Number of protein chains: 2
Amino acid sequence: METSEADGPRRRDAAATRQALLEAASSRFTRLGYDRTTLRDVAADVGVNLALIKRYFDSKEGLFKAALASTPRFLGRDEKFPQDREGLAEALSHQLSAGAWPEFGEHPVLMLLRGSGDERVDALRHKALDEFGRQILEASGGGPAGEDDDERLLRAQLLVALGVGVAVVRSAVGLRPLRDATAGQLAAPLREIVDALLAPPADER
Amino acid sequence: METSEADGPRRRDAAATRQALLEAASSRFTRLGYDRTTLRDVAADVGVNLALIKRYFDSKEGLFKAALASTPRFLGRDEKFPQDREGLAEALSHQLSAGAWPEFGEHPVLMLLRGSGDERVDALRHKALDEFGRQILEASGGGPAGEDDDERLLRAQLLVALGVGVAVVRSAVGLRPLRDATAGQLAAPLREIVDALLAPPADER
DNA sequence: AGGTCAAGTAATCACTCGTTGACATGACTA
DNA sequence: TAGTCATGTCAACGAGTGATTACTTGACCT
C-alpha cells in the first residue's frame, strides 16, 4: 500500500509519520468503511508499529475524526463554490466524473457516510451535508436563502442526495455506464437536473 | 426487538423460527449494516439459540444472502412497475417519502449497499440496480431500450443514484427537510427531474 | 408407551480486534 | 560524552466474534 512518498526510510519524523498514518487511514476508511478498517492494517501500510496510532490519535475514533477533518469538502476544495446554476452544474459534473479523486480510488463523500458510532462524527457529517445543501441553494440564485421556503432547500438537498447517490452507486456497486461516465457525459444531464430543480424563482406553482 | 408476532412462546416450529430469524436479520442488516450485525444479537432478537442460525442458514453469509433475497425490490413490490414517466415520478415520490418502509425504519435499498465481502452478493446488488435502471429506461418511453444509446441509460442510472442517495442521506445522515419530506412534497421536484432526465425522444442533441 | 428424529440448547474453540504499559533507540543539548 | 526526551517497538491482555460440537428436549408416529 505505502501511501507515503517513496523516499528514504523516514527515520524518526513525527510529523511525517503522523501524516502517513492519516493518509493510509483515510484511504482505508474511504474504501472499506470504519469497521473493516483495522488499525493493524493502517500501521502496516505505513510500516510502523500499531501502538503509534494510540500515541498520535489516541484511539480509532480519534484517527477517524482526524481523517474526516482532513478530508476535502465535497465541492470547492481550492476553488470557490460556484455562484450560479451553470457553474454549479459544471462543478458537479467534474466532481462526479470518473477519474476524479484518483488518489483514494473513491470519492471522499463516502467517508462521510461511514458510521463510527460516535455522535459527534454524526454531527460533523450532518453539518457538512447540510452546509452543502445551503450553499447549493445560495448558488442557485433564489435570493439569500430565505427562511421559510423549505421547498427550495428540499430541492437543493435532492441535488445533494444525487451527488451522494452517484458516489455510492459508482464505487459500491460499479454500475455502468455511470461508473465510467466522464465529466462531458455528465454535463448535459446534470445541467438539466439543476435547472429543473432550482429553476429561476419565477412562480412555477 | 422481537420482530415476530407476540403470540405464545412458539414452541418447535422450524418454519416460524426460520422466518423470525430472517426478519430480525433483515432489520439489523438494514439498520446497522453487515459488520455491526452480530449473530448473537439476531438470535437474541428472536429469543433463540445462536447455533440455530448455522442450522438454518449455515453461516452469516448465508443469512445475509437469504435476507437480501427476501428483501422487496426497490420499486414495484406488489404493484407493477410504472409504465410512463408520470407514473414513474409518482411511484418514486412514494417510495422515497418519509414514513415509507416503517417496518425496518430504513429503506430496503440500504441493505443492498452494505458490503459483505462476498462477490456473489456484490453481483446480486449490481444486478438489482442495473435492472432498476433498465426498467426506468423502458418506462420512460424511449423505445424498447435501444442498445447503443448509453446516454439514456446513463440518465436512467442518474435517477437510480438519486433514489439511493435520498435513502442514504435521509437515514444515514437525517438531513432535514429531506428526512421528513412527504410524498406530496417530493412529487413536484421528482416529476421535474424525471422529465428533465428522460425527456421525450425529441432530438435534443 | 416407546422409539425416533427434528428442534433447540449449552459450552467452547480459534481467531481478530482495540487497547495498553513496559521497554528500546535514536537525536539533540549541555 | 553523558543526559534526556521524543520517537518507535514489543508483547500481551481482555473483550467480542463466528463457528462448531455434543447434548437435551419436545412432538409425532405406530
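Note on naming: letters A, B, ... go to the chains in the order of the sequence lines (proteins, then strands), and numbering restarts at 1 for each one. Everything numeric here is computed off the predicted structure, so don't read it as measured data.
- With D:dG18, D:dG8, C:dG18 as the candidates, the nucleotide lying closest to the side chain of A:Tyr56 is D:dG8.
- Counting heavy atoms from C-beta on, the side chains of A:Lys60 and A:Tyr34 come closer than 4.5 Å.
- Among the heavy atoms of the strands lying under 4.0 Å from A:Leu52 is at least one base atom, whether or not backbone atoms are also near.
- Between the side chain of A:Gln185 and the backbone N or O of A:Thr182, at least one donor-acceptor pair lies under 3.5 Å.
- In this structure, the side-chain contact (heavy atoms from CB on, under 4.5 Å) partners of A:Thr38, at least two apart in sequence or on a different chain, are A:Arg40, A:Asp41.
- With sequence neighbours left out, B:Asp180 forms a salt bridge (Lys or Arg N to Asp or Glu O under 4.0 Å) with B:Arg176.
- A:Asp41 places its CG atom 7 Å from the P atom of C:dC17, with the value rounded to the nearest Å.
- Looking at the side chain of B:Val48, the nearest of the listed nucleotides C:dG8, D:dT9, D:dG18 is C:dG8.
- The side chain of B:Arg40 approaches D:dA19 more closely than any other nucleotide in the set D:dA19, D:dT7, C:dG18.
- Among residues two or more places apart in sequence or in another chain, the side chain to side chain donor-acceptor pair (under 3.5 Å) test is passed with A:Glu90 by none.
- Summarising the geometry, the separation between CZ on A:Arg36 and C1' on D:dT17 is reported as 13 Å, rounded to the nearest angstrom.
- Listed candidates were D:dG18, C:dT19, C:dA24. Nearest to the side chain of A:Arg12 is C:dA24.
- As rounded to whole Å, 9 Å separates atom P of D:dT7 from atom CG of A:Asp13.
- Counting to the nearest Å, the C1' atom of C:dC17 and the CG atom of A:Leu39 are 8 Å from each other.
- For the pair B:Arg18 CZ and C:dA6 P, the interatomic distance rounds to 17 Å; values are reported in whole Å.
- Rounded to whole angstrom, the span from the CD atom of B:Glu61 across to the P atom of D:dA19 amounts to 8 Å.
- The side-chain contact (heavy atoms from CB on, under 4.5 Å) search around A:Ser70 returns A:Leu22, A:Ser26, not counting sequence neighbours.
- When the side-chain nitrogen and oxygen atoms of B:Thr38 are compared with OP1 and OP2 of D:dG16, none of them lie within a distance under 4.0 Å.
- Residues satisfying the side chain to side chain donor-acceptor pair (under 3.5 Å) criterion with A:Gln19, sequence neighbours excluded, are A:Glu23.
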N/O to N/O distances under 3.5 Å, protein versus nucleotides 20-23 of chain C:
{"from": "C:dT20", "atom 1": "OP2", "to": "A:Lys54", "atom 2": "NZ", "distance (Å)": "3.0"}

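- Side-chain nitrogen and oxygen atoms of B:Thr17 include at least one within less than 4.0 Å of the OP1 or OP2 phosphate oxygen of C:dG8.
- Here the P atom of nucleotide C:dG18 and the OH atom of A:Tyr34 are 8 Å apart, to the nearest Å.
- Between A:Ile53 atom CD1 and D:dC10 atom P the separation is 15 Å, expressed in whole Å.
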